[in-house]
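These numbers were taken from a predicted model, which means no experiment stands behind them.
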Amino acid sequence: RGGIEFSLTGNDVLSFGARVGYRDGQREANQDYTQFSDLEPKEFNYFGRSDRSRSGTYYSLNANYAHNFGVKNHQILGELFFSNSNSDETTITSEFDEGIQFSGRQTKEFGPSTDFRGKLDYTLPFSEFSKFEAGYQGQVDISEETNELYEFNALNGEYEFQSEFSNINDYTRSEHALYSIYSNKIWDIQIQGGLRTEYTFRTIEVPTQNESFNIDRIDFFPSFHSSY
């Protein structure tokens, strides 16, 4: 992780940051099972084992800008953020009867993910208690996830790929918002009113099944608050 900051002028500050890393984790579990039913009252005892591993690389970049207009709290702040990660997760379950494996399953999830974010905030004070605020926030997420299923075949001792239960998911989310807020104090009553407009676009595509699911809409959120 690292960063650098520049004081461009007495009222302007620009900074950059970066982060890169690798994560890795494993988990194991052993369990003893006893299985029976009304139709099969004889107990069947077997041993189960679960192994899970997850690893991946990631990195992120960010930039921040601040400008002061020469009046206290009269400022504009900007932020940009970008990140990318690639994860690989595998879970293997296996069941044994007297040391001989008779069942099991393997699942795999892997794929890249990219995230963009942006933010811009403006503040204009009129007095000690009165000010106007406005801004923008946006985020775009793009990811591709592959899911694979393997079933254990006791005849050949191998985990066999199950294509009918495996798929690829393409996910895109784009959200953008504009907001404005005005606050003031009248006598001893503090009031605040605002409006937030949000645009949301989300799509999930499953190419192997030729299916897609979409959300595309605009929402408005007016607000009013007062306190005494």
Side-chain angles (χ1 to χ4, degrees), residues 1-25 53-89 109-125 131-147 168-183 192 194-207 212-223 225:
R1 174 187 293 183
I4 188 171
E5 182 177 285
F6 300 94
S7 295
L8 304 179
T9 68
N11 295 322
D12 298 271
V13 177
L14 178 65
S15 63
F16 299 94
R19 183 178 181 182
V20 62
Y22 174 80
R23 53 178 174 263
D24 183 25
S53 63
R54 185 175 185 179
S55 62
T57 58
Y58 65 91
Y59 70 91
S60 64
L61 306 170
N62 68 275
N64 295 271
Y65 172 72
H67 172 73
N68 187 283
F69 291 92
V71 179
K72 183 179 180 181
N73 296 327
H74 185 196
Q75 61 185 5
I76 186 169
L77 305 174
E79 177 183 337
L80 291 175
F81 176 85
F82 170 81
S83 69
N84 179 271
S85 63
N86 204 325
S87 62
D88 188 349
E89 181 175 333
E109 297 180 12
F110 55 91
S113 176
T114 303
D115 179 23
F116 302 89
R117 284 181 295 187
K119 186 178 180 182
L120 189 65
D121 295 309
Y122 173 72
T123 304
L124 174 62
K131 65 179 178 179
F132 172 77
E133 299 173 88
Y136 161 83
Q137 291 179 331
Q139 181 171 352
V140 177
D141 296 323
I142 302 173
S143 63
E144 179 183 291
E145 183 178 82
T146 300
N147 297 275
I168 299 175
N169 299 320
D170 295 326
Y171 176 73
T172 301
R173 182 183 69 169
S174 180
E175 297 180 349
H176 305 272
L178 294 171
Y179 77 90
S180 60
I181 300 173
Y182 175 74
S183 59
Q192 177 178 291
L195 176 65
R196 181 181 178 93
T197 304
E198 293 186 359
Y199 170 69
T200 302
F201 176 78
R202 298 181 187 178
T203 178
I204 301 175
E205 297 181 349
V206 187
S212 63
F213 308 91
N214 301 305
I215 297 177
D216 190 0
R217 72 187 187 199
I218 297 178
D219 297 299
F220 300 93
F221 302 96
S223 64
H225 173 76

Using the test salt bridge (Lys or Arg N to Asp or Glu O under 4.0 Å), find all partners of [X] that sit at least two apart in sequence or belong to another chain.
X: E109; answer: none
X: R117; answer: D115
X: E133; answer: K131
X: D216; answer: none

Distance-only donor-acceptor pairs under 3.5 Å for side chains of residues 4-12, two or more places apart:
from: T9; atom 1: OG1; to: N11; atom 2: N; distance (Å): 3.1
from: T9; atom 1: OG1; to: D12; atom 2: N; distance (Å): 3.1
from: T9; atom 1: OG1; to: D12; atom 2: OD2; distance (Å): 2.5
from: D12; atom 1: OD1; to: Y65; atom 2: OH; distance (Å): 2.4
from: D12; atom 1: OD1; to: H67; atom 2: ND1; distance (Å): 2.7
from: D12; atom 1: OD2; to: H67; atom 2: ND1; distance (Å): 3.4

With sequence neighbours left out, what residues match S113 under side chain to side chain contact (heavy atoms under 4.5 Å, CB included)?
S85, S143

Just to verify, what does [X] make a side chain to side chain donor-acceptor pair (under 3.5 Å) with, not counting sequence neighbours?
X: N62; value: none
X: S223; value: none
X: N64; value: none

Let me check something: any side-chain donor-acceptor pairs from residues 70-77 under 3.5 Å, sequence neighbours excluded? List them with distances.
from: H74; atom 1: NE2; to: Y122; atom 2: OH; distance (Å): 2.8

May I have all residue pairs that pass salt bridge (charged side-chain N to carboxylate O under 4.0 Å, His left out) and include part of residues 136-146, sequence neighbours excluded?
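Those involving residues 136-146 are D141-R173.
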
Gap between atom OH of Y22 and atom OG1 of T57 - 0.5 Å precision
8.5 Å

For F81, which residues count as a ring pair (Phe, Tyr, Trp, His ring centres under 6.0 Å) partner, sequence neighbours excluded?
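Scan of F81 (ring pair (Phe, Tyr, Trp, His ring centres under 6.0 Å), adjacent residues dropped) gives none.
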
